[in-house]
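Data first, discussion second: the structure below is written as structure tokens.
A, B, ... follow the sequence lines: proteins, then strands. Residue 1 opens every chain.
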2 protein chains.
Amino acid sequence: MEPHEPDLTAVPVTNVLAALADDVRLQIVRALAEGGESACGSFDFGVSKATRSHHLRVLREAGLTRTRAAGTSRLVRLRRDELDKLYPGLLDAVLTQRPPA
Amino acid sequence: MEPHEPDLTAVPVTNVLAALADDVRLQIVRALAEGGESACGSFDFGVSKATRSHHLRVLREAGLTRTRAAGTSRLVRLRRDELDKLYPGLLDAVLTQRPPA
DNA sequence: ACCCTTGTTCGACAACTATCGAACGACGCC
DNA sequence: GGCGTCGTTCGATAGTTGTCGAACAAGGGT
């Protein structure tokens with residue numbers, strides 16, 4: 001089964017934005033941006049593994065991440081270069097933690 | 001009744017992104033970015049006026065636009081300065097028309 | 001071979017959202 | 001005052017999405 005990793009240019013902008021417009025997924029993206037390639041299991045944000053798997057699929061199908069198998073785990077990484085090339089400033093704008101004031 | 005125009009810093013990023021993650025709303029935002037302040041009625045993107053009104057409210061409540069009454073119309077404008085300050089690069093990244101290839 | 005760990009998939013369910021027509025309200029104009 | 005325009009709000013509906021538990025599949029270790 002192919003991992004469904006689309007060409008980023010083929011994904012409508014609205015899909016990319018929708019993928020980022022969820023708190024859990026944004027936390028995943030932040031963790032990936034900071035920690036680099038990580039196993040799915042490392043994202044414990046208070047949701048079940050079924051839900052986590054769902055969110056990872058949404059991110060993957062929106063062209064935001066790539067996944068590869070590694071033993072019994074799967075390693076996920078941000079497609080940062082492509083993202084920055086196609087949407088310069090988007091990730092930076094979204095990832096930056098804003099001051100609470 | 002106040003027009004519900006929140007402080008941008010009080011709006012969660014996910015709300016801003018969700019507001020942009022819709023094709024109709026993105027067209028509205030693009031039109032505003034190009035044409036400046038415009039009347040609600042100038043956005044005819046194949047939806048009813050009820051739906052248009054709904055989308056304009058979503059944009060307003062996400063802090064993306066401001067609305068003011070002007071006679072029988074209402075003029076909407078993009079809060080571009082604030083947006084660019086708080087999320088530098090976001091609008092630029094999203095507004096740029098992608099090459100179809 | 002067995003089991004444990006890691007993820008995915010499958011319903012199911014609740015919540016949200018985009019859409020519409022119709023009713024309503026506000027304003028300007030004749 | 002009366003009418004037409006512009007826009008909002010209401011109620012309904014169909015579709016999408018976030019969430020879960022349970023079942024399943026694939027690997028690694030012992």
With heavy atoms under 4.0 Å as the rule, sort B:Ser73 into base, sugar-phosphate or nothing.
sugar-phosphate

Taking only side-chain N and O atoms of B:Arg57, does any of them lie within less than 4.0 angstrom of OP1 or OP2 on D:dT9?
yes

Salt bridge or not for A:Asp92 and A:Arg80, using N-O below 4.0 Å?
yes

Just checking A:His55: base, sugar-phosphate only, or nothing, at a heavy-atom cut-off of under 4.0 Å?
sugar-phosphate

Considering every strand and a 4.0 Å limit on heavy-atom distances, what is the contact class for B:Val47: base, sugar-phosphate, or nothing?
sugar-phosphate

Distances for protein N/O vs nucleotides 1-3 of chain C N/O pairs under 3.5 angstrom?
none

May I ask you to test the A:Arg25-A:Leu20 pair for a side-chain heavy-atom distance under 4.5 Å?
no

Base, sugar-phosphate, or nothing: which does A:Ala39 touch, judged by heavy atoms less than 4.0 Å apart?
sugar-phosphate

Between B:Arg68 and B:Glu37, does at least one N-O distance fall below 4.0 Å, as a salt bridge requires?
yes

In the 5'-to-3' direction, what one-character label does each nucleotide of nucleotides 22-30 of chain C receive under the scheme B = base within less than 4.0 Å of a protein heavy atom, S = sugar-phosphate only, - = no such atom?
-----SS--

Under-4.0 Å side-chain N/O to phosphate OP1/OP2 contact, B:Ser53 with D:dT8:
yes

What residues 24-31 of chain A contributes to the DNA chain C interface at heavy-atom separation below 4.0 Å is none

Out of D:dT8, C:dT8, D:dT19, which has the shortest distance to the side chain of B:Arg74?
D:dT8

Any ion pair linking B:Arg79 and B:Glu82 (charged N to carboxylate O, less than 4.0 Å)?
yes

In whole angstroms, the gap separating P of C:dA18 from CD of B:Glu61 amounts to 12 Å

Run the salt bridge (charged side-chain N to carboxylate O under 4.0 Å, His left out) test on B:Arg60 and B:Glu5 for me, step by step, so that the C-alpha distance in whole Å, both residues' side-chain angles and the decisive distance to 0.1 Å come before the verdict.
CA-CA 6 Å; B:Arg60 176 167 20 93; B:Glu5 286 175 2; 5.1 Å; no

